[in-house]
Amino acid sequence: MLGAVQFGVLAACIVLFVPMGMAGWHLSRNKMLFFSGALFITLAVGVHLTPYFPSISDLVSFSSSAVVVENRDSCISFLHEIVWDVKPVRVSESLRNSSNYEESWSWAKSKPVIACGFQKLGRSDVSDLLNGSWIVVAGDSQARLIVLSLLSLVLDLGEMESIRGELFKRHSDYRAVIDEIGVKLDFIWAPYTRNLTKLVMEFKRNRRYPDVLIMGSGLWHMLHVTNASDYGVSLRSLRRSVVSLLPVSPELGNDGPVTGSISIRSPHMFWLGIPTLINSMLNTEEKRVKMNSAMQDAYDGELYESKLLRQSGGPLMLLDIGSLSRICGAWCTVDGMHYDGAVYEAAIHILLNALLIESQQQI
Ligand SMILES: *[C@@H]1O[C@H](CO)[C@@H](O)[C@H](O)[C@H]1NC(C)=O
Ligand SMILES: *[C@@H]1O[C@H](CO)[C@@H](O)[C@H](O)[C@H]1NC(C)=O
Ligand SMILES: *[C@@H]1O[C@H](CO)[C@@H](O)[C@H](O)[C@H]1NC(C)=O
Ligand SMILES: *[C@@H]1O[C@H](CO)[C@@H](O)[C@H](O)[C@H]1NC(C)=O
């Protein structure tokens with residue numbers, strides 16, 4: 001048990017060093033002041049109560065560091081616990097070109113999920129989190145839908161309409177600069193894993209790395225190459241180039257520090273999983289033959305074997321479009337491959353919460 005004096009010294013250190021540590025993680029000055037203030041008050045109250053409740057000091061020393069870090073990792077593993085509520089809508093009411101159902105999602109109400117306190121972030125929180133960062137999304141049409149979802153969180157409807165046309169020009173790159181929050185967002189058309197490897201090597205050569213990198217591929221390979229082991233070869237080569245990028249030291253990073261809350265120490269990297277394919281709904285005979293469930297399983301297996309993902313010891317965190325789309329179900333897609341906006345919206349909120357957890361910061 002800690003004596004009152006040691007505890008006081010500990011408290012002083014925490015008040016001093018925790019906000020300084022957070023400043024290192026690019027917390028804005030206001031937030032830093034807020035955290036210092038909140039910590040100071042909490043600890044001051046704690047110090048004065050400790051003599052009266054001897055068990056408090058046990059509690060305090062228990063609840064410091066170890067638990068926070070453990071929660072951090074386990075919370076990441078609960079991020080995909082999402083439940084859907086799907087309701088039919090009449091076609092005339094449907095504003096979107098999507099299925100005749102309207103889906104809404106929320107995190108499951110299980111105990112660990114509640115304890116992690118995940119939140120759907122609103123526009124101002126997202127702006128705050130991403131302020132000043134460079135985001136790159138690279139891949140096929142799934143990646144494009146992710147971009148759309150991310151933009152619709154920070155732009156209003158009018159701005160979205162003007163972007164939609166640009167973004168959906170077939171097979172081309174797209175760049176958005178959102179001046180108000182200094183966010184640079186690049187979509188790179190990269191249908192094959194080899195295109196992604198090339199991109200990663202370019203980052204390395206130019207010594208400029210995005211703060212957030214979201215990549216995914218597989219559908220094009222499945223349709224046009226239809227060879228799972230070749231897909232595996234390309235994934236392993238991508239893994240090697242991503243690993244060779246890490247760790248990024250700050251002086252090799254961006255031109256200047258980002259102003260938002262995301263650390264630039266190393267890029268936050270995500271892998272966009274292949275959606276669940278609903279074979280009978282695929283819109284060509286070729287797709288129905290080649291993209292069957294056995295082939296999809298083989299591609300999933302290669303992804304796991306490649307050790308590209310964190311769950312198999314790799315560098316990228318999976319945004320599991322496969323499970324999100326499977327749970328949403330056939331209602332949520334018109335072509336058995338591209339899902340309604342809600343699926344990608346859920347993925348974006350998973351990503352934002354992961355960024356929050358990794359920055360060890362609550363809004
Ligand atoms: C909906 O999408 C289909 C095919 O993707 C297209 O042919 C159709 O014109 C679209 N409808 C509207 C209202 O945008
Ligand atoms: C972004 O950060 C800059 C610099 O810290 C600040 O002036 C600006 O108000 C921030 N914008 C938003 C939307 O948070
Ligand atoms: C992607 O890679 C394929 C095969 O390696 C290549 O043919 C194609 O030109 C590349 N596309 C882009 C946009 O880089
Ligand atoms: C599949 O890809 C592997 C690895 O690239 C190659 O060795 C094999 O010959 C390919 N199989 C077919 C049927 O093309």
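Whatever order the structure lists ligands and atoms in, that order sets their numbers, starting from 1. Just so you know, these numbers use all the heavy atoms, side chains as well, and skip hydrogens, waters and symmetry mates. Because the structure is a prediction, the values reported are computed rather than measured.
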Can you establish whether the number of heavy atoms outside K198 located under 6.0 Å from its atom NZ is more than 12? no
Does R208 qualify as a cation-pi partner of W134, given the criterion of NZ or CZ under 6.0 Å from the six-membered ring centre and within 45 degrees of its axis? yes
Can the ring centroids of H80 and W105 be said to lie less than 6.0 angstrom from one another? no
F118 vs W107 aromatic rings, parallel, tilted or perpendicular, using cut-offs 30° and 60°? tilted
Do S229 and N227 pair up side chain to side chain, a donor and an acceptor below 3.5 Å, judged on atom types alone? yes
Mind jotting down which protein residues get a heavy-atom contact under 4.0 Å with ligand 3? Chain and number order, please. W189, Y192, N195
What atoms in ligand 2 come closer than 4.0 Å to a heavy atom of I181? 13 (C)
One finds that the ligand 4 atoms under 4.0 Å from a non-hydrogen atom of S229 are 1 (C), 2 (O), 3 (C)
Any side-chain donor near an acceptor of the partner, K204 and S244, under 3.5 Å: yes
Backbone or side-chain N or O of S127 under 3.5 Å from ligand 2 N or O: no
Residue pairs passing the side-chain hydrogen bond (donor to acceptor under 3.5 Å, both in side chains) test with at least one member in residues 292-306, sequence neighbours excluded, are H221-Y299
Looking only at side chains, do T333 and H338 share a donor and an acceptor under 3.5 Å apart? no
Give the atom numbers and elements of ligand 4 that come within less than 4.0 Å of a heavy atom of N227. 1 (C), 2 (O), 3 (C), 8 (C), 10 (C), 11 (N), 12 (C), 14 (O)
